[in-house]
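The structure appears below as structure tokens.
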Amino acid sequence: MFTDADSIRFCGTFLAAARPRSPNRFSIVGVSGGGPGALACASEMPDRLERVGVFAGAAPTDAPGVFAGMSGLNRFFMKLARSAPWLSTLNTRFVASVVRRNPGRYIDLMQRKVHAVDRAVLRAPGMRDMLVADFAEALRGGGQGMVDDMAANHGRPWGFALDRIKMPV
């Protein structure tokens, strides 16, 4: 089970893996559930980062106004992760099994739920194919990672304040 500090610990793990490959500064992009980890890195180690990007990223569910403009279905599942984590886990395992069988269909459905800016990125040449391959790989061993992301990103506070990020994202 994730704790509030898991996004912060992600930075240390990420930095340890990146150091041998890139001893200087590097860039990071967080997609979907990877967004909070990328933002945590921007908060905790901005001196090591050249750029930070987030695509269709999660938002902290305890932030003011976070649910404004969000689809009703997404709002329901984000709140479920915090109020009934066991039920959220069951739902996320089910969603992961569906996505695992047909990641392309999931990407197509996701286009209806994301912001217009993210929809434009999804239409970029090659983006859909890249995401289909990424989802297939991410779920190849099962859905536990997706379950963990839901719990860490929506079930509890992130462990850092967004206003501590001083670099452009």
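We count residues from 1, following the sequence as given.
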Would [X] end up clustered with [Y] when hydrophobic side chains under 4.5 Å apart are linked, directly or stepwise?
X: Leu162; Y: Ile28; result: yes
X: Leu90; Y: Phe76; result: yes
X: Val95; Y: Leu87; result: no
X: Leu73; Y: Tyr106; result: no
X: Phe77; Y: Leu109; result: no

If I compare all heavy atoms of [X] with all of [Y], which pair ends up nearest, and what's the gap?
X: Pro103; Y: Phe135; value: CB-CB, 3.9 Å
X: Phe160; Y: Pro36; value: CZ-O, 3.8 Å
X: Gly104; Y: Val132; value: CA-CG2, 3.5 Å
X: Trp158; Y: Leu39; value: CZ3-CD1, 3.9 Å
X: Ala96; Y: Gly143; value: CB-CA, 3.7 Å

Checklist outcome for this item: The reported gap from CZ in Phe94 to OG1 in Thr89 (rounded to nearest 0.5 angstrom) is 15.0 Å
Any side-chain to backbone donor/acceptor pair from [X] onto [Y]? Under 3.5 Å, distance only.
X: Ser88; Y: Ala84; result: no
X: Arg25; Y: Asp47; result: yes
X: Arg100; Y: Arg140; result: yes

Give every donor-acceptor pair under 3.5 Å between a side-chain atom in residues 56-65 and any protein atom, sequence neighbours left out.
unit_1: Thr61; atom_1: OG1; unit_2: Arg82; atom_2: NE; d: 3.4
unit_1: Thr61; atom_1: OG1; unit_2: Arg82; atom_2: NH2; d: 2.9
unit_1: Thr61; atom_1: OG1; unit_2: His154; atom_2: O; d: 3.1

Flag side-chain contact, heavy atom, 4.5 Å: [X] against [Y]:
X: Leu49; Y: Cys41; answer: yes
X: Val99; Y: Leu139; answer: yes
X: Met150; Y: Met78; answer: yes
X: Thr92; Y: Asp149; answer: no

Checklist entry - Which residues pass the side-chain hydrogen bond (donor to acceptor under 3.5 Å, both in side chains) test with Arg112, sequence neighbours left out? => result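 If we apply the side-chain hydrogen bond (donor to acceptor under 3.5 Å, both in side chains) test to Arg112, skipping adjacent residues, there are no hits.
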Item to check | Pairing residues for Arg105 by the side-chain hydrogen bond (donor to acceptor under 3.5 Å, both in side chains) criterion, not counting sequence neighbours | outcome: none
Checklist entry - Run the side-chain contact (heavy atoms from CB on, under 4.5 Å) check on Asp108 and Met110 step by step: do they pass? => result CA-CA 5 Å; Asp108 295 341; Met110 186 171 67; over 6 Å; no
Item to check | Trace of the side-chain contact (heavy atoms from CB on, under 4.5 Å) decision for Val52 with Ile165 | outcome: CA-CA 10 Å; Val52 176; Ile165 299 172; over 6 Å; no
Next on the checklist: Let's go through Gln144 and Arg93 carefully: what are the C-alpha distance in whole Å and the side-chain angles of both, what is the deciding distance for side-chain contact (heavy atoms from CB on, under 4.5 Å) to 0.1 Å, and is it a yes or a no?
Outcome noted: CA-CA 7 Å; Gln144 189 59 46; Arg93 284 185 196 283; 3.0 Å; yes
